[in-house]
Amino acid sequence: GGKGGRGRPLGARPLAVMWAVLDELHAEHCAAEEAEAAGEPRRAVAVPERDLYYRLKSRGEARNCAEVMRAVARAGALLGVRREDLGVVSSGGKGEVAGSIRIWAGASWHDCRAQGRFSVPGDPRVVANLRFQTSARFILVVEKETVFSRLLGERLDALIPIVLVTGRGFPDVPTRTLLHHLAAAFPHVPVVGLADWNPHGVAIMSLYKFGYVKRAVSEYSEEVAVPRMVWLGLHGKDFPESCLTEEFTPRDRALAKSLLTAAPAAELPAWALEVRAMAAGVGRKVDIEGIYAHEQLAPLLMLKLLKGDWV
């Protein structure tokens, strides 16, 4: 029988869904090979994950999208290949890019200053072929889309030449791939991260910087990591005493503990210091939104950037 993610035998249903996924993808690869044999240009198989789910659902072979994504992950682990090598891509990347940058997406340049945000494609292979032009002084990675939008609204990119990237929470592989290639293309431009002052924010910064949060290094880690990335904030000293704080939940407590023991963040003294400060006593956390309830965020960030106030 097949094995689950931790070596447990798979039940009949997960095995059946994984088999249905592999059967569907095998048919896609066969069709691509037949087309190439008939003289058509070779094309990579790239089935959006939601398309795959709807195909299986229509035949009664899947109940929900999460079940299909678990089956794809199991199939990849079993065969020792990535999901895009199987032929599965995101239905659309979560990430967005804005600010002082032009991006070549294969047919034309997208100028973010003139045309607005650039949506990150869902296929990491497409992302790896993007080209960039920028004269920005900083690449700012923003945890949340709400804060990303706020900074664009406050015209941070008019105050200082800057590229903004967001993965809208936990970033997907395409967004991390884009940041990796962008950082490599401009090795002298600082890559700085902005996240909430809570364990979740530190975990997201770790994912961008190291390619993983805990010690389990994924197949993608090195190809999506940005080891030179620094953490701009929020830090404990960035918010006024009057700022609204929330107490830790049990989940926050558990994540803080794992960040300090089983995560690469533990090896960065300044990062570990911030996590310990959050976790002290009942544990407290601050959302970035709590800052701009009091004042504009863009001027505060510009000062921190110009002073190099990061860890």
Side-chain angles (χ1 to χ4, degrees), residues 1-3 5 10 12-97 102-111 115 117-133 171-182 184-185 218-224:
K3 295 279 185 181
L10 274 180
R13 177 163 185 87
L15 204 54
V17 178
M18 185 175 75
W19 191 255
V21 162
L22 286 170
D23 195 39
E24 184 66 32
L25 295 172
H26 179 250
E28 282 283 336
H29 283 279
C30 287
E33 284 175 14
E34 284 167 15
E36 188 182 13
E40 291 182 25
R42 179 162 183 78
R43 65 174 177 86
V45 173
V47 182
E49 53 195 25
R50 292 198 72 80
D51 283 17
L52 181 62
Y53 158 59
Y54 284 120
R55 289 184 205 178
L56 299 185
K57 186 186 177 193
S58 70
R59 300 198 293 265
E61 294 175 332
R63 293 176 185 147
N64 54 56
C65 197
E67 182 177 58
V68 175
M69 288 309 95
R70 283 195 296 271
V72 169
R74 286 185 183 119
L78 188 69
L79 297 171
V81 298
R82 303 166 181 207
R83 44 187 264 147
E84 62 262 31
D85 296 327
L86 286 172
V88 182
V89 298
S90 299
S91 296
K94 287 169 62 185
E96 292 190 317
V97 184
R102 297 174 78 223
I103 302 171
W104 176 262
S108 60
W109 286 100
H110 180 100
D111 186 337
Q115 296 164 263
R117 303 175 183 201
F118 175 82
S119 296
V120 178
D123 187 341
R125 294 167 299 188
V126 173
V127 174
N129 288 316
L130 297 175
R131 297 292 174 264
F132 310 104
Q133 285 183 351
D172 57 10
V173 170
T175 305
R176 287 151 55 202
T177 302
L178 179 136
L179 186 67
H180 173 87
H181 285 283
L182 182 58
S218 83
E219 65 204 308
Y220 293 110
S221 294
E222 289 193 3
E223 288 166 48
V224 296

Distance-only criterion, 3.5 Å: show the donor-acceptor pairs between side-chain atoms of residues 29-38 and protein atoms not counting sequence neighbours.
| unit_1 | atom_1 | unit_2 | atom_2 | d |
| --- | --- | --- | --- | --- |
| His29 | NE2 | Leu86 | O | 2.7 |
| Glu36 | OE1 | Arg42 | NH1 | 2.6 |

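In this structure, Val173 and Pro124 approach most closely via the heavy-atom pair CG1-CG, 3.9 Å. Shown here for Arg50 and Cys65, the closest heavy-atom pair between the two residues is NH1-SG, 4.0 Å. The nearest pair of heavy atoms linking Pro14 to Arg74 is CB-NH1, 3.5 Å. Across every non-hydrogen atom of Ala71 and Val21, the tightest pair is CB-CG2, 3.9 Å. The two residues Val81 and Asp85 come nearest to each other via the heavy atoms CB-CB, 4.1 Å. Of all heavy-atom pairs between Pro121 and Val127, the closest is O-CG2, 3.6 Å.
Taken to the nearest 0.5 Å, the CG atom of Asp51 stands 9.0 Å off from the CD atom of Glu28. Taken from CD1 in Ile103 to CG in Leu182, the straight-line distance is 7.5 Å, to the nearest 0.5 Å. Between atom CG of residue Leu25 and atom CG of residue Leu52 there is a gap of 5.5 Å, rounded to the nearest 0.5 Å. Distance check: Phe118 CZ to Leu178 CG gives 7.0 Å after rounding to the nearest 0.5 Å.
In this structure, Gln115 contributes its side chain and Asp111 its backbone to a donor-acceptor pair below 3.5 Å. His181 places no side-chain N or O within donor-acceptor distance of the main-chain N or O of Arg131, the cut-off being under 3.5 Å.
Residues satisfying the salt bridge (Lys or Arg N to Asp or Glu O under 4.0 Å) test with Arg102, not counting sequence neighbours, are none. Here Trp104 pairs with Trp109 under the ring pair (Phe, Tyr, Trp, His ring centres under 6.0 Å) rule; sequence neighbours left out. With sequence neighbours excluded, the residues forming a salt bridge (Lys or Arg N to Asp or Glu O under 4.0 Å) with Glu61 are Arg59, listed by chain and number. When the salt bridge (Lys or Arg N to Asp or Glu O under 4.0 Å) test is applied to Arg125, the partners found at least two apart in sequence or on another chain are Asp123. For Phe132, the ring pair (Phe, Tyr, Trp, His ring centres under 6.0 Å) criterion is met by no residue, not counting sequence neighbours.
Across Val68, Asp23, Leu78, a single residue satisfies side-chain contact (heavy atoms from CB on, under 4.5 Å) together with Met18, and that is Leu78.
No side-chain heavy atom of Leu56 sits under 4.5 Å from any side-chain heavy atom of Glu67.
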